[in-house]
Amino acid sequence: MIPLVIATAAAFLVALGAIALYAPLEAVQGVAQKIFYIHVPLAWCAFVAVGVLLVSSLRFLRRSEPRHDRLARAAAEVGIVFATLVLVTGSLWGKAVWGTWWTWDGRLTSTLVLWFLLAGYVLLRSLSEGPPARTARAAAVLGVIAAVDIPIIHLSVQWWRTLHPDPVVLRAGDIGGGLTPRMLTTLSISLAAFSLLLVTLIALRRRIAEAEDEVEALWHLPGRGDLAA
Amino acid sequence: MLALIAKDLLLEWRHKEQLAAPAVFALLAATLFVFAVDPTPAELTRLGPGALWVSFLFAGTLGLGKVFAPEERDDALTALLLAPVDRTALFLAKAASAALFMGFMEALMTPVFFALFDLPLLPILGRFVLVAGLATAGFSLLGTLLGFLTSRASARELLLPILALPLTLPLLIAAAKATRILLEGPAGPRFADLHLWLTLMLAFDVVFGVLCCWGFERVVEE
Amino acid sequence: MSFVLAAYAVLWLVIFGYLVWLAARVRSLREETRSLAADATPWPRSAEADGLSLPLPQEQAHPLEPPIRRR
Amino acid sequence: MAHAPAPVPPLRPAAPAPSPAATAHVALLELERVGKAFGRRVALRDVSLVLRRGCGIALLGPNGAGKTTLLRVAAGLMAPTSGRLVVDGSPRAAAVRLRRKVGYVGHQGLLYDTLTARQNLAFFARLYGAGGAERRSREMLRRFGLERHAERRVASFSRGMRQRLALARALLHAPDILLLDEPYTGLDAEGAQLLNRELAGLLENGAALLLATHRFEVPLALAADVAVLAGGELRHAGPTTGMGAHDLASLYDRVVACSR
């Protein structure tokens, strides 16, 4: 665990250095464009977290081993953290470049809905009162359904955006295009740093999930010390 | 399967007054919306469908919470699991009865809405029923499963909408857009897009029809 | 420029905030384990305790063995 | 190291049923080394039991010994974590094939409160298929002395009447295998007597019975075998021929005592 934390810290130092010094000032947006280097990796991490949630939920439903359930739990929670950051940095960037806190741009709106799905997942887990095994299975099914729904939601939001009758005033601009090689390298460094952060947080949260399960198991054995030999 | 639906209808018939609650709620939501926005007639065509469908889906989630209520009370669900009926039939029967109730509420409320918003219902009735059918089917399928997933949660009435509404967002968008296109009539600028929205809804219903049956089976098995 | 700084500030704020929240979570788990260990009491075992309806003659009740020590 | 379970003597068929059962004592349902664990908590460990046609087994054991879990696994409601179920000799899709043949009564009534007794039975009869739902449900109501309450809602039923209706529901489709979880709780004298008559009748025409209970006189009344479950393990299984209530009680306490 410790080497992972050190690696993440180092990667971030390099990334911040690259963003501050190495990345060129973008012609149109000027310095505000620097938010791009954290906004995009954050969005990437949020979607990776959902991917982990989907895979671990499917695996748990096939063979109900607690470790898949714990990974799903960790991925969902960390996913919310990243999704929140995406929304915040997105709106800050929007304010800096277009002067509006929120543009109903297809990508940003999908992330907002993603945030709701993940929040719903975590709420279902924390509010469920039945036997833990049943809650875990219910959460796993919800995880799969939410993950499958994300592309459909993204598509419908895009159509909702592009098939809009009024001319769209604020084009959020295509984030991907127009990147000089230097920008690209900075972006990839930053992407690596954030991916490491994602892995560290998920690993950390999973360890805590293990502790949670231990304590939960203790509740079922009051008084008798005969944990299964 | 039919026996199951018949039973649900019988159960619902027992306390008919509960049927009216979602319908009244839908009407209330839309009326409040009009007061809040105070739209001009032109805006009504643009905002009316949105208000209609938001109210329908919110009212729909109220109805969903009760779908598994009879099974919860005396663990009658175990009796159903004991019967030689496969789980998908069980689930589809529940979803069908949920869809029937929602359809009943919509049939009741749509004329009222259109009158309230002073929008022409009759010319578009045929296609509107198609749109409503697709939306209700998808919403009931997903909603019934979510109703079951949250049946053991505290604050269930709150949790269900929080889960159901984001997940069924594509239906809301498609239904509202389709209704608006219908209202603007064949001459409307985006009449060609109508089939896009309808296919989106159909695809949603098929994908989540299969997925929810699979999901229900996974959760109901101990 | 201020927005860029604000963005980076929020980035670290949220991440460290989450780490602090996790630390609090670990502390509360530790408390729970301590309290659980404290009230672990041996479980009485005899026919009456098992709710059997027939009154068993007293002498047949077995003396309570000490609960099995957990390794 | 957990206490080694007492060697389980082979189950000799019970004392000959009132009229010698026409069919041999063929095994309807076998539980082979069935185990069930909920996360870390082990509810059942290595239980093997055979339900034979025309034979009854009374399941005794302290609370939390796993009786209810065993019954739910035998009914195909719960999948065992280890071991398997064999129905009519083949383990293939046991749980699904089991459903048509099993009558199960649990602690709860498994009924719809807001429906009347007749509607409940008619619904379940239709669910199990094989027509004549109305006729069979009326017949069951009569046999359990519930005709007078046919049109009353189950919600207004007393504990005993609800238990009778639950039993009627379980026997509606003349199941081959009967799994009853403390069926006598809440029954008055007449109810218990009706139940005994029904069980004796079913055993006679070849049904298998597994019945969890706390009362020693039940296995003796039904001339059934007795199986003692403690700490999730099958401590003892054998016939009760020639045993009195006290022998059974001391056997029970000796068996349960050594499971600590």
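Heavy atoms only: backbone and side chains are in, while hydrogens, waters and symmetry mates are out.
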Close approach to chain C in residues 43-53 of chain A, criterion heavy atom under 4.5 Å: none
Which atoms of C:V10 approach chain A - backbone, side chain, both or neither, heavy atom under 4.5 Å: both
Under the side-chain hydrogen bond (donor to acceptor under 3.5 Å, both in side chains) test, residues paired with C:E31 that sit two or more places apart: C:R34
Choice from C:L11, C:V26, C:V14, C:T33 maximising heavy atom contacts with chain A below 4.5 Å: C:L11
Chain C contact via A:L85 - which portion, at a heavy-atom distance below 4.5 Å: side chain
Electrostatic pair A:R125:A:D69 at N-O distance under 4.0 angstrom: yes
Options C:A6, C:G17, C:A7, ranked by heavy-atom pairs under 4.5 Å with chain A, top entry: C:A7
Under 3.5 Å, which donor-acceptor pairs link side chains of residues 128-135 of chain A to any protein atom two or more places apart or in another chain?
{"from": "A:S128", "atom 1": "OG", "to": "A:L124", "atom 2": "O", "distance (Å)": "2.7"}
{"from": "A:R134", "atom 1": "NH2", "to": "B:S151", "atom 2": "OG", "distance (Å)": "3.0"}
{"from": "A:T135", "atom 1": "OG1", "to": "A:P131", "atom 2": "O", "distance (Å)": "3.2"}

Parallel, tilted or perpendicular: ring planes of A:W104 versus A:W102, cut at 30 and 60 degrees: perpendicular
Proximity of C:W12 and A:F12 rings by center, below 6.0 Å: yes
A:E77 side chain to C:Y18 side chain, donor-acceptor N/O pair below 3.5 angstrom: yes
A:R73 bridged to A:D213 by N-O distance under 4.0 Å: yes
All side-chain hydrogen bond (donor to acceptor under 3.5 Å, both in side chains) counterparts of C:R25, not counting sequence neighbours: A:E212
